[in-house]
Amino acid sequence: MDIKNYIEIGEKKAGKQIELAKILGISDSYIRIVKTGRRGFPVEVCIELARYIGEEEIKVVAASELVTEKDDRKRKIFESCFKNKDKAASIAMAAIVISVLTFAPMKPIQANQLNNNYVEYKLSAI
């Protein structure tokens, strides 16, 4: 999502652009400049906007930085903020997979089987 979308969400919630500007402590003309893509917001304004609209702060900051950032490496970093849509769900899923694999029943391996497999591998590698 780009910064213009976040601003529009804020404007809808505030009722008017001028009201959003008051909430963020900036001028409405500054909001218009950012919406046109000529500038981005300072980080503190991005955080205020994110909190006001109930969005992740890092996403609003990244969207604002992408407005003016020219360096490809930095752009990729900011763009990556939008790819992990639900980190909590990803972490929870990873924890479930790990716990299932950890507690999954395993067939016991006898020592002679392990050594035979190792010898067979070494012979086939030669």
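No experiment lies behind these values; they were computed from the predicted model shown.
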K.L.:
Show the nearest heavy-atom pair for residues L49 and L20, with the distance to one decimal.
P.N.:
CD1-CD1, 4.2 Å
K.L.:
Whether the side chain of R75 engages the backbone of L66 through a donor-acceptor N/O pair (distance < 3.5 Å, no angle test) should be reported.
P.N.:
yes
K.L.:
Is it true that the NZ or CZ of K13 lies under 6.0 Å from the centre of Y52's six-membered ring and within 45 degrees of the ring axis?
P.N.:
yes
K.L.:
Heavy atoms only: give me the nearest A21-S27 pair and the separation to one decimal.
P.N.:
CB-C, 3.7 Å
K.L.:
Could you check whether any side-chain heavy atom of F41 comes within less than 4.5 Å of a side-chain heavy atom of V67, counting everything from C-beta outward?
P.N.:
no
K.L.:
Measure the spacing between CG of D71 and NZ of K76 and express it to the nearest 0.5 Å.
P.N.:
10.0 Å
K.L.:
Just to verify, what does E79 make a side chain to side chain donor-acceptor pair (under 3.5 Å) with, not counting sequence neighbours?
P.N.:
none
K.L.:
Of all heavy-atom pairs between E19 and A14, which one has the smallest distance, and what is that distance?
P.N.:
CB-O, 3.7 Å
K.L.:
Any heavy-atom pair between the side chains of E8 and Q17 that's under 4.5 Å?
P.N.:
no
K.L.:
As an exercise, state the distance from NZ of K35 to CG of D2, rounded to the nearest 0.5 Å.
P.N.:
10.5 Å
K.L.:
Could you tell me whether the side chain of E56 and the main chain of I58 form a donor-acceptor pair under 3.5 Å?
P.N.:
no
K.L.:
Using the rule that two of Ile, Leu, Val, Met, Phe, Trp, Tyr join whenever any of their side-chain heavy atoms come within less than 4.5 Å, decide whether I31 and I18 are in one cluster.
P.N.:
no
K.L.:
So that I can tick it off, tell me whether K4 and E11 are bridged by a salt bridge, with the cut-off set at under 4.0 angstrom between side-chain N and carboxylate O.
P.N.:
no
K.L.:
Tell me whether Y30 is reachable from I53 by hopping between hydrophobic residues (I, L, V, M, F, W, Y) whose side-chain heavy atoms are closer than 4.5 Å.
P.N.:
yes
K.L.:
Going from CD on E69 to NZ on K74, what distance comes out if it is rounded to the nearest 0.5 angstrom?
P.N.:
5.0 Å
K.L.:
Look at E57 together with R51 and state whether they make a salt bridge at an N to O cut-off of under 4.0 Å.
P.N.:
yes
K.L.:
Is the side chain of S64 donor-acceptor paired with the backbone N or O of V61 at a distance under 3.5 Å, no angle test?
P.N.:
no
K.L.:
Quick check: does any side chain N or O of T68 sit under 3.5 Å from a backbone N or O of R39, one acting as donor and the other as acceptor?
P.N.:
no
K.L.:
Would you call the rings of Y6 and F82 parallel, tilted or perpendicular, taking 30° and 60° as the class edges?
P.N.:
parallel
K.L.:
Hey, are the side chains of I26 and V45 touching, using non-hydrogen atoms and a 4.5 Å cut-off?
P.N.:
yes
K.L.:
In sequence, state the C-alpha distance, the side-chain angles, and the governing distance for I77 and R73, and then conclude on side chain to side chain contact (heavy atoms under 4.5 Å, CB included).
P.N.:
CA-CA 7 Å; I77 292 169; R73 187 181 69 77; 3.5 Å; yes
K.L.:
Which residues pass the side chain to side chain donor-acceptor pair (under 3.5 Å) test with R38, not counting sequence neighbours?
P.N.:
T36
K.L.:
Establish whether F78 and M1 are linked, either directly or via other cluster members, by ILVMFWY side-chain heavy-atom contacts under 4.5 Å.
P.N.:
yes
